[in-house]
Amino acid sequence: MPIIQLKQLTKKYKDAIVVNNLEFSVKDGEFFALLGENGAGKTTLISMLCGILAPTNGDAILLGESILSNVEKIKPKINISPQETAIATNLTVRENLEFIAGIYGSSKREAKIKASEMLELFHLTEKEKAKAKTLSGGMQRRLNLAMGLITNPQIFFLDEPTLGLDVRSRRELWGNLAKLKGKTTIILTTHYLEEAEELADCICILQRGSLKALGTVDELKQQTNAESFEEAFLAICDGEVDVYA
Ligand SMILES: Nc1ncnc2c1ncn2[C@@H]1O[C@H](COP(=O)(O)OP(=O)(O)OP(=O)(O)O)[C@@H](O)[C@H]1O
Ligand SMILES: [Mg+2]
């Protein structure tokens with residue numbers, strides 16, 4: 001059974017259809033890259049799947065439950081690292097982590113242990129006592145990701161996690177994400193195509209809210225006769241081809 005199944009999922013603002021009748025599914029454990037140019041509808045789609053935004057039409061089934069009727073059952077099992085970082089700036093780095101772990105049901109002791117693990121994984125141990133507002137932008141993003149992962153989500157949504165990270169941090173983050181492969185289902189949006197190319201099992205391309213392509217990097221390249229993934233991506237976004245492998 002797919003872990004996520006979209007059923008004619010649609011979001012409209014007045015006359016503008018920003019997510020248009022989407023129907024596709026994501027397999028358990030899949031690393032799923034959601035791509036598309038600015039305004040394609042990626043963040044809107046993710047917000048609906050996480051129960052932050054109500055669809056105008058359609059539904060999605062996550063972990064067997066509907067986002068329309070049972071979103072409260074879904075929420076504890078998923079997490080999101082949003083495009084706009086969502087950290088408590090007046091708490092320290094460690095306090096942010098322990099706070100989130102606590103909300104998701106960890107005991108104080110467990111929260112401490114998990115926070116230490118995350119600090120190490122994201123190279124933030126040195127900063128554990130610093131107020132989050134004093135971190136650099138890239139460090140705030142890393143903290144934001146650690147706060148997502150500390151809850152052991154079955155589905156982890158990452159909306160442009162590498163935006164603003166320096167080259168080394170981005171590479172390290174890719175390494176961290178690669179380690180999660182197969183353990184957690186990951187839905188990733190990014191404008192770095194090489195990131196999707198390196199990590200994703202399945203690529204989904206949206207254009208103006210509609211599904212334009214779904215398949216592996218190789219399938220998309222083959223079907224657009226492209227030399228590179230970037231060439232394939234641009235051809236698909238230009239509307240030259242729809243690719244459903
Ligand atoms: N509250 C809103 N009211 C009206 N239009 C909205 C609203 N929120 C988003 N939109 C529109 O929906 C479309 C999709 O926006 P969305 O943020 O989902 O795009 P995105 O694919 O995440 O883009 P980016 O790559 O820039 O993050 C855009 O045209 C945007 O202007
Ligand atoms: Mg976005």
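For reference, positions follow the sequence shown, starting with 1. The model shown is predicted, which means the values in this text are computed figures rather than measured ones.
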* To do: May I have all residue pairs that pass salt bridge (Lys or Arg N to Asp or Glu O under 4.0 Å) and include part of residues 207-218, sequence neighbours excluded?
  => Lys212-Asp242

* Would you mind reporting whether Thr151 and Ile100 have side-chain heavy atoms less than 4.5 Å apart? => yes

* Connected via hydrophobic side-chain network under 4.5 Å: Ile46 and Leu158 -> no

* To do: Would you mind reporting whether Glu231 and Thr224 have side-chain heavy atoms less than 4.5 Å apart?
  => no

* To do: Indicate the atoms forming the closest heavy-atom contact of Leu145 with Ser81, along with that distance.
  => CD2-OG, 3.5 Å

* Which residues share a side-chain hydrogen bond (donor to acceptor under 3.5 Å, both in side chains) with Glu65, sequence neighbours left out -> Asn70

* Asked: Is Leu68 close to Pro55 at the side-chain level, that is, under 4.5 Å between some pair of heavy atoms?
  -> yes

* Phe31/Leu188 under side chain to side chain contact (heavy atoms under 4.5 Å, CB included): CA gap, chis, key distance, verdict -> CA-CA 8 Å; Phe31 198 120; Leu188 169 88; 3.8 Å; yes

* Asked: What closest approach, in Å, do Ala132 and Gln140 show between heavy atoms, and which atom pair accounts for it?
  -> O-NE2, 3.3 Å

* **Side chain to side chain, Leu149 and Leu180, heavy atoms closer than 4.5 Å** => yes

* Side-chain (Asn79) to main-chain (Phe156) donor-acceptor, under 3.5 angstrom -> no

* Might you point out which heavy atoms bring Trp174 and Leu199 nearest each other, and give the distance in Å? => O-CD2, 3.7 Å

* To do: Compare every heavy atom of Gly51 with every heavy atom of Lys75, then report the nearest pair and how far apart it is.
  => NZ-O, 3.7 Å

* **Summary of salt bridge (Lys or Arg N to Asp or Glu O under 4.0 Å) pairs that have at least one residue in residues 100-129, sequence neighbours excluded** => Arg94-Glu128

* Indicate whether any N or O donor in one side chain lies under 3.5 Å from an N or O acceptor in the other, for Lys133 and Asn90. => yes

* Structure fact -> The complete set of ring pair (Phe, Tyr, Trp, His ring centres under 6.0 Å) pairs with one or both residues in residues 186-231, sequence neighbours excluded, reads none

* Exam field: side chain Tyr104 to backbone Asn152, donor-acceptor pair closer than 3.5 Å -> no

* **Asn144 side chain vs Ala86 backbone, donor-acceptor pair below 3.5 Å** => yes

* With a 4.5 Å heavy-atom cut-off, do Ile78 and Leu63 have their side chains touching? -> yes

* List in chain and number order the residues that pass side-chain hydrogen bond (donor to acceptor under 3.5 Å, both in side chains) with Asn176, two or more places apart in sequence or in another chain; answer none if no residue qualifies. => none

* To do: List the atom of Phe24, the atom of Leu214, and the distance in Å for their closest heavy-atom pair.
  => CB-CD2, 3.8 Å

* Can you tell if the side chain of Ile80 reaches within under 4.5 Å of the side chain of Ile187, non-hydrogen atoms only? -> no

* Ile203 and Val217, any side-chain heavy atoms less than 4.5 Å apart -> yes

* Flag, side chain of Lys42 to backbone of Gly36, donor-acceptor distance under 3.5 Å -> yes

* Asked: Looking only at atom types and distance, does a side-chain atom of Thr162 sit under 3.5 Å from a main-chain N or O of Leu165, one as donor and one as acceptor?
  -> no

* Asked: Which pair of non-hydrogen atoms, one from Ala111 and one from Ser106, has the smallest distance, and what is that distance?
  -> N-CB, 4.0 Å

* **N/O donor-acceptor pair under 3.5 Å between Asn20 side chain and Gly209 backbone** => no

* Mark yes when over 12 heavy atoms from residues, nucleotides or ligands other than Glu23 sit less than 6.0 Å from its CD; otherwise mark no. => yes

* 4.5 Å side-chain heavy-atom contact, Leu124 and Leu97 -> no

Contacts under 3.5 angstrom, residues 2-12 side chains, donor-acceptor by atom type, not counting sequence neighbours:
from: Thr10; atom 1: OG1; to: Gln8; atom 2: O; distance (Å): 3.1
from: Thr10; atom 1: OG1; to: Asn21; atom 2: N; distance (Å): 3.0
from: Lys11; atom 1: NZ; to: Ala54; atom 2: O; distance (Å): 2.7

* State yes or no: do Phe32 and Leu173 share one hydrophobic cluster built from I, L, V, M, F, W and Y residues joined by side-chain heavy-atom distances below 4.5 Å, directly or via other members? => no

